[in-house]
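Please read the structure below before turning to the comments.
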Amino acid sequence: MDAEQFRRAGYQVIDWIADYRTQIADLPVAPAASPSDVRDAVDGLLGAPTDIASLLDALDERVVPYQVHTQHPRHAGWFPSNASLSSVLGDLAGAGLGTLGISWASAPALTELELAVTSWLRDEAGLDGQWQGSIADTASTCALAAMIVARERATAGASGEHGLAATGQRLRVYASGEAHSSIVKAVVLAGLGRQNLVPIRQDPASRGMDVAALAEAVAADRAAGFVPAAIVATIGTTATTAIDPIAPIVEFARGQDIYVHVDAALAGAALLLPEMRSIADGVDGADSLCWNPHKWMGTVLDTSLMYWHNVAEVEAVMSTDPSYLASKTDGSVVQLRDWGIPLGRRFRALRLLFQLRLDGLDEIRGRLRRDLAHARRLAELIASEPHWQVVAPTTLQTVVAVYGPSGPGADAATRAWVAAVNDSGRAHLTTAEVDGRLVVRVSLGVLSTEWDDVAAIWDAMREAAAREGSTSG
Ligand SMILES: Cc1ncc(COP(=O)(O)O)c(C=O)c1O
C-alpha cells in the first residue's frame, strides 16, 4: 500500500469507525454466539488480497456481531475500557509515524513527549513532583517491574547478579485478599514464589487492607526467617473498588524498610478530581504507582502510567547498555528502556496528547464526576428495592450488589439472572466472588453512558432477577 492508497483507504476506515460508534447503541451489547460460531466467522476473513471496502464489509459481517461492545452505553461489565476517539486518532498518528522507540537517539521526540505527558498528568493528579513516569502497556507489566525492583532492593542487588536462590533469602510480598490477579502473576514471574504472596485480611466495613493484620503478618514472617520485601496496596480493587489505606501502609513500610507499590489501575483517573484525592492519601510516600488511562479515563488500550519515586534505583536494575544501542547522547538523556521491561516502545504518548488536547481535562473531569454521581444514584435505587442489597461501599463508579438471600442456590441464581441480562443484549454485567458469595458488579463509566442508560441497565437487572433469580428454582 502506498501513501495515496493509504489516504483513500484511511478515509473509509475512519468513516467505518465513526459509523460503528454512531450506531453502537442499537446493537445488542454482547453476542449470543458459541466459540465455534466465532471461529467459523473469523476463519472466513482469511484469503487472497482484496480492497478496503470488501474488507470492511467482511468486518461488519464477521467481527462486529461477535464482539462484546465495550464502548456500548449499556456495557457495565468488568471495568470501563474506554477508547475515546481522540485517543484512537493519536494511536493512528503514532502507528503512522512508525517510530522505533528503543533509545533516546532512535526516538528523541517520543522519549521527551512521554516524559512531558506523564509529568503533566502527574501534576494534574496532585502527585508530588518527585514521581517520574513513563508509559507501559498494562498494569500487569508495571506490577512485574515493581516486584523485580523490590526483589533487588531486598537482596541489595544480589538476586539480579546471582539469582535469588544464591542469596538464600526467602522474600515475602503482602497484599489484600482482593488484590488483582496480576499481582499474583507478578510475584510468580519475579521468581518470588506464589506461596510468598501473603493475603492480608480486609477491614470488614471499608474492605481496605487491615494494617494491624499487615503488621502482625510481617512480624510473624520476620520471626520465621522470611524477608518482607514488598507491599502492594490497591486503590480501587477489581471486585469491589475497595481502597487500601495508603498513609498508614506507607508509614508502616517506611519503618520496616519495605517497598510499596500502589496499584491504582482503575481508580487513578479519580485522582484528577481534587475532591477524590483523599482515596490516595499518603501515596507520595510509596515507591511506585501505576494507573491505567486505558480504563476509566478513556485512552485507548494499552496505555498504563508507571511512576517511580527513585528512577536511579530502577535504572540500576533494568539497565544493560549494549554496544549496539550506544549513542553520543548517552548519559545526558533518559533511556526509557531502563525504566521498565521492554526495549522497543510504541508512541503511546500521542494517544494521551490527542485526548488531552482535543477533548481536554475539563471534559474528562466532567465525565468522571458524572459517573460517580450515576453510581451513587444507582446504589441508592438498589438499596431501596426489596430483596436487593448493596454489599460494598460505592466509592467509585462500581456498584456491587446481590439479589435475594444468601445460602444454598444463591450463586446459581445469580449466575442465571446475570446470564439472562447478558443474553438479552440489553446490558452487559459481570460477577465476582466477594466474601464467599457471587455478587454482580455494575461497573459504570463508558464514555457514552448517560443516566437513561443506567436506568435501562437497572430495569434489565430487576426484570431478570425477578424472573430467574429465585434460589428455589
Ligand atoms: C486493580 C487492577 N489492577 C490491575 C489490573 C490489570 O490491568 P491490565 O490489564 O492493565 O494489566 C486490573 C484490571 O482489571 C485491575 O482492575
The test is side-chain contact (heavy atoms from CB on, under 4.5 Å); show your working for His261 and Cys290 and say whether it passes. CA-CA 8 Å; His261 174 62; Cys290 169; 4.0 Å; yes

Output for pair (Asp263 CG, Thr237 OG1), nearest 0.5 Å, gives 9.5 Å

Q) With distance as the sole test, does Arg367 use its side chain to make a donor-acceptor pair with the main-chain N or O of Trp296 at under 3.5 Å? A) yes

List the atom pairs, with distances to 0.1 Å, where a side-chain N or O of residues 252-260 and a protein N or O form a donor-acceptor pair under 3.5 Å, not counting sequence neighbours.
| unit_1 | atom_1 | unit_2 | atom_2 | d |
| --- | --- | --- | --- | --- |
| Gln256 | OE1 | Arg222 | NE | 3.0 |
| Gln256 | OE1 | Arg222 | NH2 | 2.9 |
| Tyr259 | OH | Ser288 | OG | 2.7 |

Worksheet item: Looking only at atom types and distance, does a side-chain atom of Thr22 sit under 3.5 Å from a main-chain N or O of Ala18, one as donor and one as acceptor?
Response: yes

- Item | Donor-acceptor contact below 3.5 Å, side chain Thr234 vs main chain Gly236 | no

Just by modelled atom types, is the Gly90 backbone N or O under 3.5 Å from a matching donor or acceptor in the Arg351 side chain?
no

Closer than 4.0 angstrom, basic N to acidic O: yes or no for Arg348 and Asp302?
yes

So CZ of Arg170 and CD of Gln195: to nearest 0.5 Å the spacing works out to 12.0 Å

Notebook entry, point to check: Side chains of Val446 and Arg74: closer than 4.5 Å at any heavy-atom pair?
Noted result: no

Contacts satisfying ring-ring contact (aromatic ring centres under 6.0 Å, His included) that involve residues 346-373 (not counting sequence neighbours) are none

Taking every heavy atom of Thr303 against every heavy atom of His294, the minimum-distance pair comes out as N-ND1, 2.9 Å

Item to complete: Using atom types as modelled and distance alone, determine if a side-chain donor or acceptor of Arg277 lies under 3.5 Å from a backbone N or O of Leu271.
Response: yes

Problem set entry | Glu61 backbone acceptor or donor facing Tyr66 side chain under 3.5 Å | no

Residues at least two apart in sequence or cross-chain that pass salt bridge (charged side-chain N to carboxylate O under 4.0 Å, His left out) with Arg172, listed by chain then number, are Asp221

Applying ring pair (Phe, Tyr, Trp, His ring centres under 6.0 Å) to Tyr20 and not counting sequence neighbours gives His69

### Query
Are any non-hydrogen side-chain atoms of Ile246 and Asp281 less than 4.5 angstrom apart?
no

query: Are the side chain of Asp19 and the backbone N or O of Trp16 linked by a donor-acceptor pair below 3.5 Å?
result: no

(message) Using side-chain heavy atoms (C-beta onward) and a distance below 4.5 Å, is Thr111 in contact with Glu114?
(response) no

query: Donor-acceptor pair, Asp284 side chain versus Asp128 backbone, under 3.5 Å?
result: yes

Validation: residues 427-435 side-chain donor-acceptor distances under 3.5 Å, sequence neighbours left out:
| unit_1 | atom_1 | unit_2 | atom_2 | d |
| --- | --- | --- | --- | --- |
| Thr430 | OG1 | Trp78 | N | 2.7 |
| Thr430 | OG1 | Arg441 | NH1 | 3.3 |
| Asp435 | OD1 | Arg207 | NH2 | 3.2 |
| Asp435 | OD2 | Arg207 | NH1 | 2.9 |

Applying salt bridge (charged side-chain N to carboxylate O under 4.0 Å, His left out) to Asp459 and not counting sequence neighbours gives Arg462

Name every donor-acceptor pair, under 3.5 Å, that has one atom in a side chain of residues 209-218 and the other anywhere in the protein, sequence neighbours excluded.
| unit_1 | atom_1 | unit_2 | atom_2 | d |
| --- | --- | --- | --- | --- |
| Asp210 | OD1 | Ala212 | N | 3.0 |
| Asp210 | OD1 | Ala213 | N | 3.1 |
| Asp210 | OD2 | Arg201 | NH2 | 3.4 |

Quick note, ring-ring contact (aromatic ring centres under 6.0 Å, His included) partners involving residues 431-468, not counting sequence neighbours, are His374-Trp451, Trp388-Trp458

- [ ] Look at the side chain of Arg370 and the backbone N and O of Arg365, then say whether any donor-acceptor pair between them is shorter than 3.5 Å.
- [x] no

The complete set of ring-ring contact (aromatic ring centres under 6.0 Å, His included) pairs with one or both residues in residues 117-140, sequence neighbours excluded, reads Trp131-His309

Counting C-beta onward and ignoring hydrogens, is there a side-chain heavy-atom pair between Leu352 and Leu121 closer than 4.5 Å? yes

Enumerate donor-acceptor pairs with a distance under 3.5 Å from any side-chain N or O in residues 136-146 to protein atoms, sequence neighbours excluded.
| unit_1 | atom_1 | unit_2 | atom_2 | d |
| --- | --- | --- | --- | --- |
| Asp137 | OD1 | Thr141 | OG1 | 2.6 |
| Asp137 | OD2 | Thr141 | OG1 | 3.4 |
| Thr138 | OG1 | Ser140 | N | 3.4 |
| Thr138 | OG1 | Thr141 | N | 3.3 |
| Thr138 | OG1 | Thr141 | OG1 | 3.1 |

### Query
Do Ser87 and Ser84 have side-chain N/O donor and acceptor atoms under 3.5 Å apart?
yes

| said: Is there a side-chain contact (heavy atoms from CB on, under 4.5 Å) between Trp339 and Val311? Walk through the geometry before answering. | reply: CA-CA 7 Å; Trp339 290 17; Val311 284; 3.7 Å; yes

query = Met297 and Ile364: side-chain contact (heavy atoms from CB on, under 4.5 Å), yes or no, with the steps?
reply = CA-CA 7 Å; Met297 186 177 127; Ile364 295 168; 4.0 Å; yes

Those residues at least two apart in sequence (or on a different chain) that pass side chain to side chain contact (heavy atoms under 4.5 Å, CB included) with Ser34 are Ser36, Asp37

Salt-bridge contact Arg346-Asp91 (side-chain N to carboxylate O under 4.0 Å): yes

(message) Is it true that Thr240 and Glu178 share a donor-acceptor pair across their side chains at a distance under 3.5 Å?
(response) yes

- prompt: Would you call Arg153 and Glu313 a salt bridge, using N to O less than 4.0 angstrom?
  reply: yes

Closest non-hydrogen atoms of Ala375 and Val399, given as atom of the first, atom of the second and distance, are O-CG2, 3.4 Å

Quick one, Leu189 and Ile148 - any side-chain contact, counting heavy atoms below 4.5 Å? no

Donor-acceptor pairs under 3.5 Å, side chain of residues 405-417 to any protein atom, not counting sequence neighbours: which ones?
| unit_1 | atom_1 | unit_2 | atom_2 | d |
| --- | --- | --- | --- | --- |
| Asp411 | OD1 | Leu438 | N | 3.0 |
| Thr414 | OG1 | Ala410 | O | 3.0 |

Under 3.5 Å, is there a donor-acceptor pair between the Gln355 and Ser86 side chains?
no

Test item: Leu113 and Leu350 side chains (from C-beta on) under 4.5 Å apart, heavy atoms | yes

